[in-house]
Amino acid sequence: MQFTITDKIKQLEIEDIKENLFHYSYDNKSLKALVKSNTSKEDISYISAYSSFKGEIYENIIYELLLQYVLQEDEITRFVLKGPYQDKENIFIKSGLLIDSSSQIVYKSAYKDISEFDALFFTKDSVYFVEMSTSKKTASLNKRLVKKYALLKMIFPSLNIKALIVVTEGSVGLKNFPSYATIWVTKDLDDEELIEKIIFAKKVKNDVQTLEVPKNKKYIEACKIKYKKFQYFPTLEWILNTSRQNPKFSVDLKFFSSAKLGLYFDIYTKLYIGYLTTKEFLELYSDFDLKVKTDRIITTIEKVNQTELDIVYYVKELNGKLKRVRLEENNISIKDKELDGFTNAEVRFFMKILEEKHHLTLNDIKHIQNNISLIK
């Protein structure tokens with residue numbers, strides 16, 4: 001079903017919800033500091049901070065307007081509360097679909113955010129995730145949908161997964177969005193007086209649940225939603241071990257070709273298949289000179305872009321840094337990975353569970369490289 005935008009949303013008519021916008025939490029420290037120091041509005045740091053802040057306000061405006069919209073649409077059965085409307089009883093749960101400490105709807109695993117949703121609502125047979133953006137370029141927004149779609153497919157296997165994308169007029173690339181997405185286009189948020197008021201609005205400390213939810217059974221708390229649990233690290237371990245059960249091959253590439261594994265690639269981007277020793281890796285890349293912890297070069301099949309898979313290696317150094325290494329024929333790529341990122345957590349996990357049976361030979365690597373295109 002395609003939901004139709006109303007004139008109120010299209011024109012950002014917000015007089016009746018303007019006051020509610022002051023009850024959301026905003027990341028305004030850097031922008032406030034730039035304004036107080038009289039930084040030029042032409043300065044790149046000001047433009048960036050202001051654009052980001054305006055995007056936060058826009059998201060909250062659309063969320064407020066959706067709160068009203070869902071009551072007019074009989075097809076919509078449930079709408080997930082966030083921001084100043086939900087209670088915070090579940091913010092210390094470490095895994096699952098929940099509201100985080102900044103009052104956003106997230107899916108967490110082991111305290112880490114796998115994905116965030118600007119809004120979520122349900123019909124009888126579908127779940128819609130909503131993404132809002134004030135950026136005129138939509139390519140990165142479009143790319144982000146892939147992971148969110150795959151995750152929702154995992155936790156709501158019996159529902160259709162749909163997206164509602166809300167952008168401003170003048171946005172480009174709208175025809176590139178997937179068929180499951182409905183696109184709404186609104187006017188630009190150009191109320192500079194409102195934006196400035198919100199920048200300098202004084203916040204009440206511990207200002208929790210400051211807006212009362214209108215009484216309606218459609219409004220639900222995130223913790224009340226029933227879904228199938230998605231276990232982040234146990235699933236990665238299951239994939240590793242299942243991919244190595246075929247007696248004919250060290251790594252069963254056919255296993256990676258199922259529709260379900262396609263969703264896993266979309267969620268994780270890389271799936272772990274074992275390790276090489278440093279000595280073996282030197283035969284693949286003779287200029288390799290990193291000091292490796294525990295003599296294991298972690299090996300993955302990675303979705304390097306939307307259509308291509310490749311073997312990518314992860315190297316944990318003695319100094320604790322993690323490097324991503326991709327060996328293309330005429331292009332060796334070595335990049336640092338964030339210490340607090342998911343990849344670092346994944347590699348720490350695999351450092352603990354990898355056994356001798358997960359060792360890969362150079363012949364294994366050659367076989368995978370030659371046949372990786374067989375993975376559909």
Side-chain angles (χ1 to χ4, degrees), residues 1-5 9 59 62-63 65-83 85-86 90 93 95-100 104-109 112-133 141-166 176-184 213 216-232 234-236 238-239 257-269 303 306 376:
M1 166 161 188
Q2 293 270 349
F3 288 102
T4 306
I5 189 170
I9 297 174
E59 179 185 323
I62 299 301
Y63 184 80
L65 294 172
L66 282 174
L67 272 170
Q68 299 176 345
Y69 179 85
V70 299
L71 296 183
Q72 303 159 19
E73 291 290 330
D74 293 340
E75 293 287 328
I76 297 173
T77 57
R78 292 174 295 162
F79 183 84
V80 182
L81 296 170
K82 73 167 192 177
Y85 291 101
Q86 45 74 46
N90 60 344
I93 301 170
S95 293
L97 189 64
L98 50 89
I99 300 295
D100 69 3
Q104 297 298 318
I105 304 165
V106 298
Y107 193 93
K108 277 184 184 287
S109 182
K112 285 185 173 290
D113 291 1
I114 298 178
S115 217
E116 181 182 309
F117 304 98
D118 292 345
L120 272 182
F121 63 86
F122 296 82
T123 64
K124 189 173 66 175
D125 60 2
S126 303
V127 55
Y128 283 76
F129 67 100
V130 186
E131 295 297 308
M132 309 99 159
S133 175
L141 168 61
N142 200 341
K143 195 175 174 184
R144 290 199 303 272
L145 302 188
V146 175
K147 183 176 183 179
K148 296 173 193 281
Y149 178 94
L151 176 62
L152 290 173
K153 197 71 192 162
M154 286 291 173
I155 67 175
F156 297 110
S158 62
L159 294 178
N160 299 314
I161 313 302
K162 303 287 183 70
L164 173 60
I165 312 300
V166 190
N176 298 329
F177 280 99
S179 59
Y180 60 78
T182 297
I183 315 297
W184 284 0
V213 187
N216 194 286
K217 65 180 182 181
K218 286 189 177 184
Y219 298 133
I220 57 166
E221 299 282 350
C223 57
K224 299 288 195 294
I225 300 169
K226 290 181 180 176
Y227 59 91
K228 186 179 178 183
K229 200 91 168 178
F230 174 70
Q231 297 181 299
Y232 194 91
T235 301
L236 275 177
W238 172 81
I239 291 168
S257 292
S258 71
K260 192 169 189 181
L261 265 291
L263 292 175
Y264 287 136
F265 273 118
D266 288 341
I267 293 170
Y268 294 110
T269 69
K303 193 173 185 181
Q306 285 309 104
K376 303 298 180 199

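In this text the structure is predicted, and so the values were computed from the model without any measurement.
- Checked by atom type and distance alone, the side chain of Asp118 pairs as donor or acceptor with a backbone atom of Met132 at under 3.5 Å.
- Atom OH of Tyr180 and atom CG of Leu152 lie 9.5 Å apart (nearest 0.5 Å).
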Take Lys82 and Glu59 through the salt bridge (Lys or Arg N to Asp or Glu O under 4.0 Å) test and state the conclusion after the steps.
CA-CA 12 Å; Lys82 73 167 192 177; Glu59 179 185 323; 2.7 Å; yes
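- A heavy-atom distance below 4.5 Å is not found between the side chains of Phe121 and Ile220.
- For the pair Leu98 and Val106, the minimum side-chain heavy-atom distance is below 4.5 Å.
- Counting only distance, with no hydrogens or angles, the side chain of Lys218 and the backbone of Val70 share a donor-acceptor pair below 3.5 Å.
- No close placement of the Phe156 and Phe129 rings is indicated, their centers lying 6.0 Å or farther apart.
- Inter-residue side-chain proximity for Tyr69 and Ile76 is flagged as met; some heavy-atom pair is nearer than 4.5 Å.
- The ring of Tyr128 has its center no closer than 6.0 angstrom to the ring center of Phe117.
- The aromatic rings of Tyr268 and Phe230 sit tilted, their planes meeting at an angle between 30° and 60°.
- Aromatic ring centres of Tyr85 and Tyr219: separated by at least 6.0 Å.
- Contact check on Asp113 versus Lys108 returns a salt bridge, with a Lys/Arg side-chain nitrogen under 4.0 Å from an Asp/Glu carboxylate oxygen.
- To the nearest 0.5 Å, atom OH of residue Tyr264 and atom OG1 of residue Thr235 are 5.0 Å apart.
- Of the candidates Asn142, Thr182, Val130, Leu145, Leu145 is the only one forming a side chain to side chain contact (heavy atoms under 4.5 Å, CB included) with Ile165.
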